[in-house]
Protein chains: 2
Amino acid sequence: MTTTSPQGRTELLRPDGSPVRVLVVDDEMSITELLSMALRYEGWQIRSAGDGTGAIQTARDFRPDAVVLDMMLPDMDGLTVLGRLRRELPDVPVLFLTAKDAVEDRIAGLTAGGDDYVTKPFSLEEVVARLRGLIRRSGAADRRSDSMLVVGDLTLDEDSHEVTRAGENIHLTATEFELLRFLMRNPRRVLSKAQILDRVWSYDFGGQANVVELYISYLRRKIDAGREPMIHTRRGAGYLIKPAAS
Amino acid sequence: MTTTSPQGRTELLRPDGSPVRVLVVDDEMSITELLSMALRYEGWQIRSAGDGTGAIQTARDFRPDAVVLDMMLPDMDGLTVLGRLRRELPDVPVLFLTAKDAVEDRIAGLTAGGDDYVTKPFSLEEVVARLRGLIRRSGAADRRSDSMLVVGDLTLDEDSHEVTRAGENIHLTATEFELLRFLMRNPRRVLSKAQILDRVWSYDFGGQANVVELYISYLRRKIDAGREPMIHTRRGAGYLIKPAAS
DNA sequence: CGACAACCTGTGATTTCCCTGAGAAACGCA
DNA sequence: TGCGTTTCTCAGGGAAATCACAGGTTGTCG
């Protein structure tokens with residue numbers, strides 16, 4: 001089921017209306033904290049664990065709908081954790097966290113079963129989007145929730161990554177896509193550059209804040225080009241997206 | 001829940017009807033005093049602390065609904081305080097205070113969990129508005145409270161920063177917006193130029209007092225232009241806003 | 001009714017914020 | 001490895017916002 005909160009954000013819920021439960025497993029506290037905060041903000045219920053043993057224990061009584069699992073844990077191998085998790089929760093989808101340079105082929109095999117993975121350092125938009133996808137597809141949440149975001153005549157498909165304006169197909173790069181998704185998931189709301197940076201760029205990004213301006217400019221070129229603009233600047237506050245006709 | 005006080009101001013309340021509780025943490029006494037005064041005026045219950053240790057202790061038994069936290073504390077790093085706070089109060093939203101020049105300087109990730117920040121020197125109107133936003137979105141206050149201020153045919157949306165009069169969209173600059181918000185949050189009440197200056201301009205503003213007159217004049221041009229005026233001067237006392245038809 | 005105080009507002013200087021072109025570096029794929 | 005694509009830095013230009021100043025207007029009170 002999806003409901004729309006008073007703030008206009010769409011929340012994933014389980015069939016019985018209770019919040020989705022997610023278990024986060026990582027040995028770096030800063031990562032579990034970051035993820036917990038962000039996922040709680042999605043309206044989900046979060047528990048975290050710092051090693052494999054803790055993960056299995058927590059999984060046993062928390063019965064999460066999804067697990068975020070770092071492949072590098074201090075006490076046991078990622079695959080071992082996965083195996084034991086599967087014994088407890090046969091159908092729960094898992095989102096793997098892996099180092100950028102990790103052996104990709106092993107992961108590729110793992111994701112065959114419907115799981116997914118992101119590489120560190122990740123952006124929160126990416127993690128949240130993939131988790132939403134996993135949960136949606138696993139059937140833990142109501143199937144009717146779909147993957148289309150629509151604002152005015154602008155559409156974005158989270159599954160196929162297809163974006164159209166007025167029926168016309170638009171090609172976006174990965175970063176442009178994530179930025180637009182974030183804007184479209186918060187229509188008519190002013191988002192500050194800091195919020196955008198925190199959400200769309202990876203947590204270790206140390207660069208200039210004006211990348212946001214730059215990518216807003218790219219998006220405008222592709223989405224608003226020659227049309228009634230949908231992306232608006234609120235000087236001194238941030239940016240927002242809204243349907244052209246208003 | 002929102003109720004309207006005898007003075008006509010709208011207050012945020014917790015679901016059980018008790019006042020919202022806010023913890024203020026800053027090592028400069030003048031700042032905690034300033035904030036405490038202003039936030040108490042909102043009808044909230046305030047406690048303050050001057051360092052990280054005190055903050056954790058106070059948080060433990062005060063159980064605030066929101067925290068205002070200076071990132072520069074004498075005894076420990078802002079992030080450390082944050083981590084310990086989170087252990088005590090996992091879901092409490094935090095409003096960070098940061099120095100203007102320390103900007104960008106690792107505020108990263110902080111707004112991702114729904115938290116927010118303001119830079120010093122701030123205006124009280126800004127702090128109050130952001131705190132209200134955080135509390136509203138955190139669910140500590142009743143979800144029915146929304147982000148719209150309405151006085152007569154004039155509306156102001158705190159999320160989208162949109163202002164309309166008689167359905168017509170009006171563009172305001174950041175300062176104009178904050179001034180109007182302050183007026184609209186105190187309808188039918190005379191606000192002195194000193195009050196307005198203290199509230200809408202940052203606490204270190206050293207300029208001429210007639211900026212208030214100037215910005216009132218700007219607002220009138222945009223809001224009252226050719227219409228029944230809503231902004232009124234009480235000579236020798238201040239200004240007030242009220243619905244046109246009265 | 002005159003004088004003073006309070007208030008209003010036009011003008012323009014300064015500052016702040018935002019946009020975008022150009023090119024360097026990193027990445028991805030054949 | 002080499003080439004096209006993507007990401008990001010840097011810096012200049014330009015527009016918008018803020019504010020000081022000063023002269024004009026309105027209201028108040030003796």
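Excluded from the calculations below are hydrogen atoms, water molecules and symmetry mates; all remaining heavy atoms, backbone and side chain alike, are included.
Using a 4.0 Å heavy-atom distance criterion, B:Phe205 is classed as a sugar-phosphate-only contact. Among the atoms of the strands shown, base atoms are found under 4.0 Å from some heavy atom of B:Leu214. Counting non-hydrogen atoms under 4.0 angstrom, A:Tyr218 reaches a base of the nucleic acid. Residue B:Glu213 is in base contact, counting any heavy-atom pair closer than 4.0 Å across all strands shown.
A:His161 meets the ring pair (Phe, Tyr, Trp, His ring centres under 6.0 Å) test with A:Phe177; sequence neighbours excluded. Evaluation of the ring pair (Phe, Tyr, Trp, His ring centres under 6.0 Å) rule for B:Tyr218 yields B:Tyr215 as partners, not counting sequence neighbours.
Checked by distance alone, A:Arg235 brings no side-chain donor or acceptor within 3.5 Å of a matching partner on the base of C:dC18.
The distance from atom CG of B:Leu179 to atom P of D:dT18 is 11 Å, rounded to the nearest whole Å. Between A:Asn210 atom CG and D:dG12 atom P there is a gap of 14 Å when expressed in whole angstrom units. Here the C1' atom of nucleotide C:dC17 and the CZ atom of B:Phe177 are 18 Å apart, to the nearest Å. With rounding to whole Å, A:Glu176 atom CD is found 11 Å from D:dC8 atom P. Atom-to-atom, CD1 of B:Ile216 to P of C:dG10 comes out at 16 Å; the value is rounded to the nearest Å. Per the geometry, CZ belonging to A:Arg234 stands 14 Å off P belonging to D:dA16, to the nearest Å. Between the CH2 atom of A:Trp201 and the C1' atom of D:dT6 there is a distance of 12 Å, given to the nearest Å. The distance from atom OH of A:Tyr215 to atom C1' of C:dT20 is 14 Å, rounded to the nearest whole Å.
Proximity of A:Gln208 to the phosphate of D:dC8: no side-chain N or O atom is located under 4.0 Å from OP1 or OP2. Contact annotation: B:Thr233 does not reach the phosphate of C:dA6 (side-chain N/O to OP1 or OP2, under 4.0 Å). Residue A:Thr175 places none of its side-chain N or O atoms closer than 4.0 Å to OP1 or OP2 of D:dT6. Remark: A:Tyr239 is not in phosphate contact with C:dC17, judged by side-chain N or O atoms under 4.0 Å from OP1 or OP2. Distances shown here put every side-chain N or O of A:Lys193 at or beyond 4.0 Å from the OP1 or OP2 atom of C:dC17. The phosphate of C:dT20 (OP1 or OP2) has a side-chain N or O of A:Ser217 nearer than 4.0 angstrom.
Atom CG of B:Leu34 and atom CE of B:Met29 lie 13.5 Å apart (nearest 0.5 Å). Note that CG of B:Leu179 is 12.5 Å distant from CZ of B:Arg199, once rounded to the nearest 0.5 Å. Rounding to the nearest 0.5 angstrom, the gap separating the OG atom in A:Ser217 from the CG atom in A:Asn210 is 10.5 Å.
Of all heavy-atom pairs spanning A:Met184 and A:Leu154, the tightest one is CE-O, 3.6 Å.
For the segment residues 220-232 of chain A, the set of residues with a heavy atom within less than 4.0 Å of an atom of DNA chain C comprises A:Arg220, A:Arg221, in numerical order.
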### Task
Could you give me the CA-CA distance, side-chain angles and deciding distance for A:Arg189 and B:Ser147, then say whether side chain to side chain donor-acceptor pair (under 3.5 Å) is met?
CA-CA 11 Å; A:Arg189 166 176 293 173; B:Ser147 58; over 6 Å; no
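B:Asp224 places a side-chain N or O within 3.5 Å of a backbone atom of B:Met230 that can act as its donor or acceptor partner.
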